[in-house]
Amino acid sequence: MNPTMLQTPIAYLKGVGPNRADSLKSELGIHVYQDLLNLFPHRYIDKTQYYKIGQLQKSNADVQIIGKIVHIKTVEQKKGTRLVARFQDDTGDMELVWFRGQKWIRENLKLNIPYVIFGKCNVFNTTFSMPHPEMELLSEHEKGLKVHMQPVYPSTEKLSNKGVTNRVIGKLLQQLFVETKGKFSETLSDGLLHELKLISRSEALYSIHFPKTQELLAKAQFRLKFEELFYLQMQLIAKNMLHKQKIKGFPFDQVGEGFNDFYANKLPFELTNAQKRVIKEIRSDLGSNAQMNRLLQGDVGSGKTIVAVMAMLLAIDNGFQACLMAPTEILATQHYQGISDLLKDTSVSCALLTGSVKKSARKPIHEQLENGELNILIGTHALLEDKVKFKNLGLAIIDEQHRFGVAQRSKLWHKNEYPPHILVMTATPIPRTLAMSLYGDLDISVIDELPPGRKPIKTVHRFDSNRLKVFRFIRDEIKKGRQIYIVYPLIQESEALDYKDLMDGYESIARDFPPPEFQISIVHGQMKPADKEYEMQRFVKGETQIMVATTVIEVGVNVPNASVMIIESAERFGLSQLHQLRGRVGRGADQSFCILMTGHKLSAESKTRLETMVRTNDGFEIAEVDLKLRGPGDIMGTQQSGILNLKIADIVKDNDILKTARFYAMRLLKDDPSLEKPENLIIRHSYAQLVKYKNIWNYIS
Ligand code: ADP
Ligand code: MG
């Protein structure tokens, strides 16, 4: 078949016409034949059974019945009307009921002619009724392709009201298969089909829409899911390879004095093996001619900062500047302080630029940046302002990247003649499986080891009714010289209420922990940055023992002496947020604790989250549970990634297929990067088609 035929507007398909075409477009995004072909059923119903009305039971199973409509009437009800038909077979009768689309149904239903109906039954007194049944004339039903498992297509109420029911969609697909003769061009090479024992694309598309057996359906699903994930991976891997070939980076070919001196004399601690490995990976990227585009994942407290510093030293040794961008003012400030401290005995100059840096203080920063006196600039979004011009930016490090969009990342990129090397650091572990799809275009480094001597944080779940005991525990810890975080949720929609909770909580804590013995800091989003900073600093310096806060402290803040994290209304936090918060403690040598406070009423999902937190400290394990609970849609980065637009595969459920697909895509591109070999022509062609007809891929930075 001519592949362009699948680009025919859907209105030309027999049985569609302009009106239905409009509905298909607006409701299901079906514009051309291809879109309909790729409208995959989300479930199947076994239609091998027929029931008699006399056999019906009170159950919620879907049933299929053959009978005739003998009477039809419109019944007035409190609001509007309903349409009721009496439906009979040789064992009894029942009612069919419609609330919507009555006009169309009334005009189109035929009396005293056998129909096959399908749906769920309700029972009132002793009468069974079926609301909005799927219906088909028995004669049509017998003529139709012998479908054993009935596909159920994604549909909308609007569509079925306009008569475009599941059955109609099935019919349109039958028509599409007639017009195209069911022949669709293959998209995978013979080699792959053979090696993976895949059925052909035409066979798969037929069986996905008209499955004859469970087995054929399974084969069809596997084949189509594999294909989809394979090309997703091809895009990502190819992008990455291309990047390496075409996008030149400044080669940092010397490991110079600054780096070596720091490594030999200034490191405040022995690096972990994981840190050493990651620094090596970064060094080898920076030493090559290609621009680095690397994601550094490491759980909270795993020691990403020192890695960032060593990478910046490499840039400086080679005559370049470096910048580090963080999502919040507090975090940027803390990075600035920490990094200045690490570099205090070196000749490296370092400045902080955030929204609240005064104009007068900005000017010298701008100047020194442009004349090259300044080596490192640390800051927030303020770094992206047009006024900020580097003399020669060689390395940009972005902390907690999920808070920056792709557009912002590329803005940094355009600050220079050549793109700087990019290192993206995140403490939100992205499940390995998802990382492949989200960041397949980046190289990934993982710090999977915590610095030595850390005691795992003990996590417990306590009900609000145990608050007195918890307070007693806090008092004991403070006596030992420790500091405490108490965190309240702040969810945008209920901001006013959350704010009240926070203030009420603060007051009750202040009553139980009165001055002068106890000092309390409070930090929340409605405070001025300067006040926040002041309160933070009091806590950092140990002047206050308790920090009451909303989630503004979630990211990055480092107070090693804080050993207790209390999370109020913990059931309202997502797993990754809970994990981030917990990571604020356990940074010193002392045993640390995380106490999750909740009321007694908890949803099943909340319980799972709390149990997971109590069970494990492993960020990756938590991320996997999170992915299963929430699906990929809520995970940062997925929105732009295209994985939510997958037609048939599910990034979570089809993880094994994803791995297989990635393996084969990788192998293929390593062996034949430009897909020149004759046996790969078919893949090259399909790939080109994909890029031509879909543009969901252009998210990639
Ligand atoms: P994160 O990965 O969360 O950004 P940081 O870089 O802030 O972690 O490091 C957390 C803490 O661990 C800091 O106090 C840091 O000084 C310390 N640290 C980092 N690496 C090591 C190490 N190899 N040995 C001992 N302490 C370390
Ligand atoms: Mg950090």
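Remember, it's 1-based here, ligands and their atoms both numbered in the order they're listed. Bear in mind that the values here come from a model prediction, so they are computed numbers and not experimental data. Position 1 is the first residue of the sequence; numbering continues from there.
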request  = Evaluate ring pair (Phe, Tyr, Trp, His ring centres under 6.0 Å) for Phe539 paired with Tyr485, printing each intermediate quantity in order.
outcome  = CA-CA 10 Å; Phe539 189 69; Tyr485 290 106; 5.1 Å; yes

remark   = Per-atom filter on ligand 1: closer than 4.0 angstrom to a heavy atom of Ser302 are 2 (O), 8 (O)

query = Which atoms of ligand 1 are found less than 4.0 Å from any heavy atom of Asp299?
reply = 2 (O)

request  = May I ask whether Val307 places a heavy atom under 4.0 Å from ligand 1?
outcome  = no

message = Would Pro560 count as a polar contact of ligand 1, with the cut-off being nitrogen or oxygen pairs under 3.5 Å?
response = no

inquiry  = Going by ring pair (Phe, Tyr, Trp, His ring centres under 6.0 Å), name the pairs with one or both residues in residues 251-288, residues two or more places apart or in two chains.
reply    = Phe252-Phe320, Phe252-His421

task = Return the minimal non-hydrogen interatomic distance between Ala308 and Leu324, and the atom names on each side.
result = CB-CD1, 4.5 Å

Atoms of ligand 1, numbered as shown, that sit under 4.0 Å from any heavy atom of Glu270 = 22 (C), 23 (N), 24 (N)

query = Leu271 heavy atoms, cut-off 4.0 Å: which ligand 1 atoms fall inside?
reply = 23 (N)

ask   = Under a heavy-atom criterion of less than 4.0 Å, does Gly301 contact ligand 1?
value = yes

request  = Take every heavy atom of Arg454, measure it against each atom of ligand 1, and state whether any distance is under 4.0 Å.
outcome  = yes

Proximal atoms of ligand 1 relative to Thr305 (non-hydrogen, under 4.0 Å) = 4 (O), 5 (P), 6 (O), 7 (O)

ask   = Short question: side chain of Asn392, backbone of Gly319 - any donor-acceptor pair under 3.5 Å?
value = yes

remark   = Near Thr272 (heavy-atom distance under 4.0 Å), the atoms of ligand 1 are 23 (N)

query = Strictly under 6.0 Å, is that where the ring centroids of Phe473 and Phe593 end up?
reply = yes

request  = Mark yes or no: Arg609 above the aromatic ring of Phe573, with NZ or CZ under 6.0 Å from the six-membered ring centre and no more than 45 degrees from the axis.
outcome  = no

inquiry  = Closer than 4.0 angstrom, basic N to acidic O: yes or no for Lys266 and Asp345?
reply    = no

